[in-house]
Protein chains: 2
Amino acid sequence: MGPAGSANWHAMLDGAEDILREEGYAALTSRAVAERIGVKQRLVYYYFATMDQLIVETFRRLAVRELERMRGMLATPRPLRELWDVCIHTTDARLISEFMALANRSEGLRAEVIAFIEQSRAIQVEALTAALAARGRGAGMAPVGLVMLATSAALSLTREAELGVTAGHAEVTGAIEAFLREMEGE
Amino acid sequence: MGPAGSANWHAMLDGAEDILREEGYAALTSRAVAERIGVKQRLVYYYFATMDQLIVETFRRLAVRELERMRGMLATPRPLRELWDVCIHTTDARLISEFMALANRSEGLRAEVIAFIEQSRAIQVEALTAALAARGRGAGMAPVGLVMLATSAALSLTREAELGVTAGHAEVTGAIEAFLREMEGE
DNA sequence: GTCTATACACCGATAGAC
DNA sequence: GTCTATCGGTGTATAGAC
């Protein structure tokens, strides 16, 4: 309904994102979003027809930004290093947990999540394939497999670190760092 | 409060588990649990002081069962194969997503989740270490790192498969299957 | 665009009878 | 152990004034 891209529209998505991160999806209500940005609850329904729509838009905005950022990294001197650092340092496992749980029950969100995973994987495969080709070598597994494995590891490493579990982390991180150094130096 | 281990106690945990799996934690209410097992809402508060306690007990019962099962596998002819099959086939990523999201906001649950991860990792490390020693070889990475990596992969493989994403899955599964065959034959 | 007001349903938790 | 009844609060969503 309301104008996408307007100041209030963005403010509402910002609020929704913060609430998801800090309090979880059970706390993501139209009242909470309104209060957080200093408007009345009714206004949320002027900008979004349902709460589900607000959630989907929140994820979509995040996904678009992230994909754009990742594509930008393809042109840098060390794309693999950049992509890995993003995965491991700027990922918020709490926020991702909420979206993963929500995606199990919202068709609209699920479609967005699927699209995001597929596109981000494609970008990462492109980066790894190019890096391997430039050095005229393979990696013992097809790039798409290696990318899938690294993405899984990054997500679990981040999530467990937030919980306070670290068994095996140094070993996995070490192996990936060694691979990155071998591929891109520094 | 109420007698842990009684028929109603188990029925309530069963109900809670089903609701989490099917509808998510936002739908896990005392009324929903009561209705599902055919009792009145008040009775839920006779067995559990708070909803948080019910959630913690639901996870704990599940974790205890799972750890027992995993320990039992250490004595089988192919422990690595058994442990991997459990990870990849009987894991319900939806249920895990809910517990992961809940653990971000419930101290009691978080402690249980941490304990479970640490204990299951220890069992898996024991299995892998024994298997490597029996064959007098190493694996290019310390066992705990390999276990961490495999666990991450299993979780993401299951979760993505439920979403319908499969890019890179065959490659990762193939590599792990090859490793298992090399270690335990068949 | 933004508001007041409200319909209707559901929540956790408790009092207290049987 | 199990129930009826209820308190005070919150949820989505809508009607309609300004």
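Proteins come first, then strands; the chains are lettered A, B, ... in the order of their sequence lines, and each starts at number 1. Any value given below was found using the heavy atoms of this structure, including those in side chains, with hydrogens, waters and symmetry copies removed.
Side-chain contact, Ser30(A) with Gln41(A): a donor N or O sits under 3.5 Å from an acceptor N or O. For the residue pair Arg159(B)/Ser97(B), the side-chain donor-acceptor check at 3.5 Å is satisfied.
The pair Glu126(A)-Arg71(A) does not meet the salt-bridge criterion, since no charged nitrogen lies less than 4.0 angstrom from a carboxylate oxygen. Using a 4.0 Å cut-off between charged nitrogen and carboxylate oxygen, Glu171(B) and Arg121(A) do not count as a salt-bridge pair.
Residue contacts for Tyr47(B): at a heavy-atom cut-off of 4.0 Å it reaches the sugar-phosphate backbone alone, with no base atom in range.
For Tyr46(B) and dT4(D), the OH to P distance is 17 Å, given to the nearest whole Å. dT10(D) atom C1' lies 12 Å from atom CD of Glu35(A), rounded to whole Å. Note: CZ (Arg31(A)) to P (dT12(D)) measures 7 Å, nearest angstrom. The distance from atom NZ of Lys40(B) to atom P of dA5(D) is 10 Å, rounded to the nearest whole Å. In this structure, CE of Met51(B) is placed 21 Å from P of dG9(D), rounded to the nearest angstrom. Atom OH in Tyr45(A) sits roughly 10 Å away from atom P in dG11(D) (whole-Å rounding).
A nucleotide of DNA chain C counts as in contact with chain B when one of its atoms lies under 4.0 Å from a heavy atom; the first and last such, 5' to 3', are dC11(C) to dG16(C).
Both Ala27(A) and Arg42(A) lie close to DNA chain D; mapped to their nearest nucleotides by heavy-atom distance, the more 5′-ward contact belongs to Ala27(A). The 5' end of DNA chain D is approached more closely, in terms of each residue's nearest nucleotide, by Gly38(B) than by the other of Leu28(A) and Gly38(B).
Within 6.0 Å of CD on Glu182(B) lie more than 12 heavy atoms contributed by other residues, nucleotides or ligands.
The CD atom of Glu22(B) sits 10.0 Å away from the CZ atom of Arg94(B) when rounded to the nearest 0.5 Å.
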